[in-house]
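Got a structure for you, written out below as structure tokens; questions coming shortly.
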Amino acid sequence: MVEKVRVRFAPSPTGLPHLGNVRTALFNWLFARHYGGAFIVRIEDTDVARTREGSDRMMLEDLRWLGLDWDEGPRKGGGFGPYYQSQRLSIYHSHAQRLLEEGQAYRCYCAPQRLEEMRREQQRRGQPPGYDRRCRDLSGAEARRCEAQGIEPVVRFTVPLDGETSFHDLLRGEISFANSTVDDFVILKSDGYPTYHLANVVDDHLMEVTDVLRADEWIPSAPRHILLYKALGWEPPRYIHLPLILDKSGGKMSKRLGQTSIAAYRQRGYSPEAIVNYLALLGWSPADTQEIFRLDELAGRFTWERISVSPSTFDLERLNWFNRWYLRHLPASRIAEEAVPYLREAYGRDERSQGTAYSPEEWLELLVDNVREEVDSLDQLPAHVGFAFVDGVAFTAEARDVLCAPTARAVLEAFVERLKSVDRLGVAEASSLIRELRDLLGEKEHLKAREIMFPVRASLTGSLHGPSLEAVMALLGKERCIQRVRDSQCSLSS
RNA sequence: GGCGCAUUCGUCUAGUGGCCUAGGAUACUGCCCUCUCAAGGCGGAGACAGGGGUUCGACUCCCCUAUGCGCUACCA
């Protein structure tokens, strides 16, 4: 690749951006970065009916969030704009006009109902579907009659009746189609907007795109694009068709609305690092067995030869694994910061440091640091930290059993006794307090570790599971610990 | 129906004719560690869609079949 590589991500703003979209964006971005090229974003808003207000904004926002910055495109500009197709209408018109004049395209006045009937009939007869070319050889007089009736025509491309059209896909090799299976497709709609086929070819050429990385589903329409390039006298770009991402039920991702939108994952507290890492390994693999990759590291190692050709299934479990990894390895301060909205939502506050040895910031970080390993995503966090936020302790059945054990009372009394003599209860102090307690009771009463730890844990949190005991103690603070032990004893005796 | 793409453990994948009694990861599972849950360590179970070729030798190349998916719009 001698010339400078230029690739583009060209979403159509018709809904919530999903994992499939973003994977295509990611691969384009990685390709551009790896080969030192430019990454262009172009909004393909040519379908007036399906365009959703704000969809382009969300797409851009998702890209930004994931760290996929673009060199040219909306909000950024560049020498090949505008980057919204709806602002390039005159460009498409002039090219359509040229094809019209050269006899490589023609106006078609067929009514939608007629086309529909035609298709039904073809279906019924078991014939290949496609436009029957009724308007292909319309006389001037007939065309004028239609115009007089006020019919807005579409412009169709004149596809050769025989021969074949083939193109080279970098991954799959030569793919060819008999021209007889390609019908005279529409390039300009009656509302004046171009179809994907025209807009895409014209823009890729004008924007000097060298490599097209797009989803697999485009392979069947590739011959149309090749034919257009040829008709316009242009050189087609190189093509890499990316394997589709299927959802759990086996269908193409974009067809199911579901919970696969990037926004949904962001809301649930998945990190962009995890999503990028997961997506990168869906359809691409490194030469070794490494699995954890930062974005810049991926850019360094991403080569198109290692993109796979077979479709893959989206697997939430695996995404969760990546997310847990990042939850565990990202700085605690960042996780704490991101946990705030979830805690506020659940408890109306994001800290409860009063009466503890910590500042609000320290407290939050300590809390998050001790539970982050237990969740798949941040939205699960509140469920694990109730003990630190809620006042009354609710006991689980097994916690109750533990507290009713004959040895529990002595343990708790000894615990409170030691607690009283501590003036600052941080994690370190809690830790040594526990050690002393275990030494003492282990020796004197011959109690096992769990016979000591469980009652304390149960009285403090109402549960047998949770963060390490010293963290629990430090998070509650001295007074609340003492209070909870007292309360638990009362509630048991009553 | 037509056209196209694909087919290795449940899932993501390695594998480009001998390195494969098919490797890694995840999920599942056993043990260890441990106050619990995680994490971590060490094990286990688990796959080349089927049939024909080509070859001294096929997961790897060719053909057929099957299956899955995609496209078949004045959607992208």
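Bear in mind the structure is a predicted one, so any value in this text is a computation, not a measurement. Protein chains get the first letters and strands the later ones, always in sequence-line order, with residue 1 at the start of each.
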Inset, instruction - Name the orientation class of the two ring planes belonging to W218(A) and H225(A) (parallel below 30°, tilted from 30 to 60°, perpendicular beyond 60°). - result: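 Judged by the thresholds at 30° and 60°, the geometry between W218(A) and H225(A) is tilted.
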
Legend entry - Side chain of P220(A) (C-beta onward), nearest among G70(B), U36(B), C5(B):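 Closest nucleotide to the P220(A) side chain: G70(B).
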
Legend entry - Toward the 5' end of RNA chain B, by each residue's nearest nucleotide, T181(A) or T313(A):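 Nearest-nucleotide comparison on RNA chain B picks T181(A).
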
Inset, instruction - Using a strict cut-off of less than 4.0 Å between a Lys/Arg side-chain nitrogen and an Asp/Glu carboxylate oxygen, indicate whether R334(A) and E273(A) qualify as a salt bridge. - result: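 So R334(A) pairs with E273(A) through a salt bridge.
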
Inset, instruction - Determine: side-chain N/O of K252(A) to OP1/OP2 of A76(B), distance under 4.0 Å, yes or no. - result: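 Negative; the distance criterion is not met.
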
Inset, instruction - Check every strand shown and say whether P311(A) touches a base, only sugar-phosphate, or nothing at a heavy-atom separation below 4.0 Å. - result: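 Answer is sugar-phosphate: P311(A) comes under 4.0 Å of backbone atoms only.
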
Legend entry - Whole angstrom value for the distance that separates C1' of U13(B) from CZ of R23(A):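 About 14 Å, once rounded to whole Å.
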
Inset, instruction - Output the single nucleotide from U7(B), C37(B), A76(B) whose closest atom is nearest the side chain of V309(A). - result: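 The answer is U7(B), which lies nearest to the side chain.
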
Inset, instruction - Give one of base, sugar-phosphate or nothing for V186(A), where a contact means two heavy atoms less than 4.0 Å apart. - result: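 Answer is sugar-phosphate: V186(A) comes under 4.0 Å of backbone atoms only.
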
Inset, instruction - Output yes when at least one side-chain N/O atom of S312(A) is less than 4.0 Å from OP1 or OP2 of U13(B), else no. - result: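 Yes, within the criterion.
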
Inset, instruction - Select base, sugar-phosphate, or nothing to describe what G283(A) touches, counting heavy atoms under 4.0 Å on all strands. - result: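 Sugar-phosphate only.
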
Legend entry - Separation of atom CH2 in W218(A) from atom P in A73(B), rounded to whole Å: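 In whole Å, A73(B) P lies 13 Å from W218(A) CH2.
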
Legend entry - Phosphate contact (A76(B) OP1 or OP2) by T46(A) side-chain N/O below 4.0 Å: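 Indeed, a polar side-chain atom of T46(A) lies that close.
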
Legend entry - Identified pairing partner of U11(B), criterion: Watson-Crick or G-U wobble below 3.5 Å: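 For U11(B), the partner nucleotide comes out as A25(B), under the 3.5 Å rule.
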
Legend entry - Integer-rounded Å distance: U7(B) P and D216(A) CG: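 Roughly 11 Å, once rounded to whole Å.
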
Legend entry - Residue closer to the 5' end of RNA chain B, Y278(A) versus F177(A) (nearest nucleotide):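 Result: F177(A).
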
Legend entry - Aromatic ring pairing F177(A)/F167(A), orientation class (parallel under 30°, perpendicular over 60°, tilted between):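 F177(A) vs F167(A) ring planes: parallel.
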
Legend entry - P gap between G2(B) and G44(B), integer Å: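 Straight-line distance between the two P atoms is 49 Å.
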
Legend entry - Selected nucleotide, minimal atom distance to P129(A) side chain, candidates U72(B), C35(B), A39(B):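 Looking only at side-chain atoms, P129(A) lies closest to U72(B).
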
Legend entry - Separation of A25(B) P from F293(A) CZ (nearest whole Å):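 About 14 Å, once rounded to whole Å.
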
Inset, instruction - State whether D47(A) and R50(A) are salt-bridged, where the test is any N-O pair (Lys NZ or Arg NE/NH1/NH2 against Asp/Glu carboxylate O) under 4.0 Å. - result: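 A salt bridge links D47(A) with R50(A).
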
Legend entry - Whole angstrom value for the distance that separates C1' of C5(B) from CG of L170(A):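 That distance rounds to 16 Å.
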
Legend entry - Nearest-Å distance once atom P is located in both C33(B) and G17(B):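 Those two atoms are separated by 48 Å.
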
Inset, instruction - Would you indicate what S468(A) reaches in the nucleic acid, counting non-hydrogen atoms under 4.0 angstrom: base, sugar-phosphate, or nothing? - result: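 Since a base atom lies under 4.0 Å of S468(A), the category is base.
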
Inset, instruction - Using the P atom as the reference point in each nucleotide, state the distance between G24(B) and C42(B) in Å, no decimals. - result: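 One P to the other, the span is 12 Å.
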
Inset, instruction - Please determine, for the side chain of R450(A), which listed nucleotide (C35(B), C5(B), A39(B)) has the closest atom? - result: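 It is C35(B).
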
Inset, instruction - Can you tell me the distance, in whole Å, between the CE atom of M473(A) and the P atom of C35(B)? - result: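 Whole-Å distance recorded here is 15 Å.
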
Inset, instruction - Go ahead and name the base partner of C20(B); Watson-Crick or wobble counts if both distances stay under 3.5 Å, otherwise write none. - result: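 Per the H-bond distance test, none.
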
Inset, instruction - Searching all strands shown, indicate the nucleotide that pairs with C71(B) (Watson-Crick or G-U wobble; both distances under 3.5 Å). - result: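 Matched C71(B) with G2(B) under the 3.5 Å cut-off.
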
Inset, instruction - Provide the distance between the two C1' atoms, one in G68(B) and one in C32(B), to the nearest whole Å. - result: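 My reading of the C1' atoms in G68(B) and C32(B) gives 43 Å.
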
Legend entry - Rounded distance (Å) that lies between atom P of C35(B) and atom CZ of R435(A):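 So the CZ-P distance, R435(A) to C35(B), works out to 12 Å.
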
Inset, instruction - Give a yes or no on this: more than 12 heavy atoms of other residues, nucleotides or ligands lie within 6.0 Å of atom CD of E443(A). - result: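 Counting neighbours around CD of E443(A), 12 or fewer heavy atoms of other residues, nucleotides or ligands fall under 6.0 Å, so no.
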
Legend entry - Nearest listed nucleotide, side chain of D47(A), among C3(B), C35(B), A76(B):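 Among the listed nucleotides, the one closest to the side chain of D47(A) is A76(B).
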
Legend entry - Identity of whatever pairs with C35(B) - Watson-Crick or G-U, under 3.5 angstrom: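 WC or wobble partner does not exist here.
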
Legend entry - Side chain of I175(A) (C-beta onward), nearest among C37(B), A39(B), C5(B):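 Among the listed nucleotides, the one closest to the side chain of I175(A) is C5(B).
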
Inset, instruction - Give a yes or no on whether a salt bridge exists between E44(A) and R42(A), defined as a side-chain N under 4.0 angstrom from a carboxylate O. - result: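 Yes.
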
Legend entry - N or O in side chain of K248(A) less than 4.0 angstrom from U11(B) OP1/OP2: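 So the side-chain polar atoms of K248(A) never come under 4.0 Å of the phosphate oxygens OP1 or OP2 of U11(B).
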
Legend entry - U13(B) and A47(B), which share atom name C1', separated by this distance in whole Å: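 After rounding to an integer number of Å, I get 12 Å for this pair.
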
Legend entry - Aromatic Y131(A) / basic R156(A) pairing, under 6.0 angstrom, 45° off normal: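 Pair R156(A)/Y131(A) counts as cation-pi.
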
Inset, instruction - Let me know the distance between OH of Y196(A) and P of C71(B), rounded to the nearest Å. - result: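 Y196(A) atom OH is separated from C71(B) atom P by 13 Å.
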
Legend entry - S12(A) vs C75(B): side-chain N/O to OP1/OP2 distance below 4.0 Å: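 Answer no for this pair, as no side-chain N or O of S12(A) is under 4.0 Å from OP1 or OP2.
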
Give me the distances for all protein-to-nucleotides 26-29 of chain B N/O pairs that come in under 3.5 Å?
from	atom 1	to	atom 2	distance (Å)
U26(B)	OP1	W321(A)	NE1	3.4
A27(B)	OP1	R324(A)	NH2	2.8

Inset, instruction - Please measure how far the P atom in G18(B) lies from the corresponding atom in C61(B), and state the result in whole Å. - result: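 The same atom, P, in both gives a distance of 12 Å.
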
Inset, instruction - Would you indicate what Q85(A) reaches in the nucleic acid, counting non-hydrogen atoms under 4.0 angstrom: base, sugar-phosphate, or nothing? - result: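 It contacts nothing in the nucleic acid.
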
Legend entry - Step-by-step side-chain hydrogen bond (donor to acceptor under 3.5 Å, both in side chains) determination, Q290(A) to E297(A): CA-CA 11 Å; Q290(A) 182 176 340; E297(A) 204 175 352; 2.8 Å; yes

Inset, instruction - Would you please confirm or rule out a distance under 4.0 Å between OP1 or OP2 of A14(B) and any side-chain N or O of S285(A)? - result: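 Yes, because at least one side-chain N or O of S285(A) sits under 4.0 Å from OP1 or OP2 of A14(B).
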
Legend entry - Between U8(B) and C31(B) - P atom distance, rounded Å: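 It comes out at 34 Å once rounded to the nearest Å.
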
Inset, instruction - Can you check whether any acceptor in the base of C5(B) is under 3.5 Å from a donor in the side chain of R172(A), or vice versa? - result: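 No, the side chain and the base share no sub-3.5 Å donor-acceptor pair.
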
Legend entry - Note: R324(A)-E373(A) ion pair, threshold 4.0 Å (strictly below):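 Result for this pair is no, no salt bridge flagged.
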
Inset, instruction - Start with the C-alpha gap between Y326(A) and N277(A), add the side-chain angles, then the distance that decides, and say whether side-chain hydrogen bond (donor to acceptor under 3.5 Å, both in side chains) holds. - result: CA-CA 10 Å; Y326(A) 283 100; N277(A) 200 152; 2.6 Å; yes

Legend entry - Sugar-phosphate, base or nothing in reach of E374(A), heavy atoms under 4.0 Å: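 Counting heavy atoms under 4.0 Å across all strands, the contact made by E374(A) includes a base.
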
Inset, instruction - For G15(B), take OP1 and OP2 only and decide whether either is under 4.0 Å from a side-chain N or O of R306(A). - result: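 Answer is yes, contact under 4.0 Å.
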
Inset, instruction - Choose from G24(B), C71(B), C35(B) the nucleotide whose nearest atom is closest to any side-chain atom of T289(A). - result: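 Taking heavy atoms from C-beta onward, the closest nucleotide is G24(B).
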
Inset, instruction - From the options R172(A), R23(A), K252(A), select the one residue that forms a salt bridge (Lys or Arg N to Asp or Glu O under 4.0 Å) with D216(A). - result: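 The single option meeting the salt bridge (Lys or Arg N to Asp or Glu O under 4.0 Å) with D216(A) is R172(A).
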
Inset, instruction - Between C75(B) and G70(B), how far apart are the C1' atoms? Round to whole Å, please. - result: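 Result for the C1' pair: 15 Å, nearest Å.
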
Inset, instruction - Name the nucleic acid region contacted by L281(A), choosing base, sugar-phosphate or nothing; use a 4.0 angstrom heavy-atom cut-off, strictly under. - result: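 L281(A): backbone/sugar contact only, no base atoms under 4.0 Å.
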
Legend entry - Under-4.0 Å side-chain N/O to phosphate OP1/OP2 contact, R156(A) with C74(B):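 Result: yes.
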
Legend entry - Electrostatic pair R125(A):E121(A) at N-O distance under 4.0 angstrom: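 Yes, charged N to carboxylate O under 4.0 Å.
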
